[in-house]
Amino acid sequence: HRAQIVRPGQMNATAVKAKQAPRWFRVVDRIVRSTITWFTCSLLVLMVAFTIYTVVMRYVFNDPPFWGDTVALFCNIWLVLLAYALAVRDREDIASEAIYEFLTPRAVVTLRFAWRAMTLVFGVLLFWFGLDAALNVPGQYWELGGLPKRAPMMVLPLSGALVALVTVFALAEDMFGWRTVQEHQP
């Protein structure tokens, strides 16, 4: 028996049998997804704006801001780490679909659960050790007016908490047979 791969937008027999997730679950899920999406989009716009500003000031006016590259870099790092939570929530974080066609359906379910469990452990560890690193990093950024280095590093525990939270959402959907409306729209 080969596993049937369900692509986004496709429906199969198990997807039709899935129960609608409880209202509170869908509301919290929508709030978390919307907040992360809005925040990461804002970071992308800010990163591009700071980069363009720095380039224009450097090459047109010959007066580059000393803080421009640092702030653009922080926006980039925060964007990548926070957007990872969206990839986890949309189940696009680990691409192993190619091997699923060689496995039985039960092995596919087991492997997907193992990926989720490892992602949850990663999120918890990122939170735990990221918080420790952020709170104990010495120094400050002189180019940002003495901003303590712990401020930009707080993305580590924040990202870890979000990854753990959305992984718990995905595990709950798998264990209870829930589905959210967004998952099966074409």
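Residue numbers start at 1 and run along the sequence shown.
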Just checking N136: does its CG atom have more than 12 heavy atoms from other residues, nucleotides or ligands closer to it than 6.0 angstrom?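 More than 12 heavy atoms, drawn from other residues, nucleotides or ligands, come within 6.0 Å of this atom.
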
What pair of heavy atoms forms the shortest contact from [X] to [Y], and how long is it?
X	Y	answer
F127	P157	CD1-O, 3.2 Å
L79	L44	CD2-CD1, 4.0 Å
A170	R91	O-NH2, 3.1 Å
M154	A134	SD-CB, 3.5 Å
C75	L46	SG-CB, 3.9 Å
A151	W78	O-CZ2, 3.8 Å

Rounded to the nearest 0.5 Å, what separation is found between the [atom1] atom of [X] and the [atom2] atom of [Y]?
X	Y	atom1	atom2	value
F50	D69	CZ	CG	11.5 Å
L126	T119	CG	OG1	12.0 Å
R26	R33	CZ	CZ	12.5 Å
R150	Q140	CZ	CD	10.5 Å
L165	D29	CG	CG	9.0 Å
T54	Y59	OG1	OH	10.5 Å

Is there a path from [X] to [Y] through hydrophobic residues (I, L, V, M, F, W, Y) whose side chains come within less than 4.5 Å of each other?
X	Y	value
W38	V88	yes
W178	F169	yes
V166	V28	yes
L111	M118	yes
F176	W24	yes

Give the C-alpha distance, both sets of side-chain angles, the deciding distance and a yes or no for ring pair (Phe, Tyr, Trp, His ring centres under 6.0 Å) between F74 and Y141. CA-CA 12 Å; F74 287 160; Y141 292 98; 5.1 Å; yes

Do the ring planes of F122 and Y84 sit parallel (below 30°), tilted (30 to 60°) or perpendicular (above 60°)?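 F122 vs Y84 ring planes: perpendicular.
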
Relative to the ring of Y53, is the ring of W67 parallel (under 30°), tilted (30 to 60°) or perpendicular (over 60°)?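 Aromatic pair W67/Y53 classed parallel.
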
Working for side-chain contact (heavy atoms from CB on, under 4.5 Å), residues R112 and D174: CA-CA 10 Å; R112 284 184 176 162; D174 292 344; 5.7 Å; no

Any side-chain heavy atom of L162 sitting closer than 4.5 Å to one from L158?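 L162 reaches L158 side chain to side chain.
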
Flag the pair L103 / Y100 as yes when at least one side-chain heavy-atom distance between them is below 4.5 Å, and no otherwise.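 Yes. Closest side-chain heavy atoms under 4.5 Å.
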
Taking the side chain from T40 and the backbone from T37, do they hold a donor-acceptor pair closer than 3.5 Å?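 Looks like yes, one N/O pair under 3.5 Å.
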
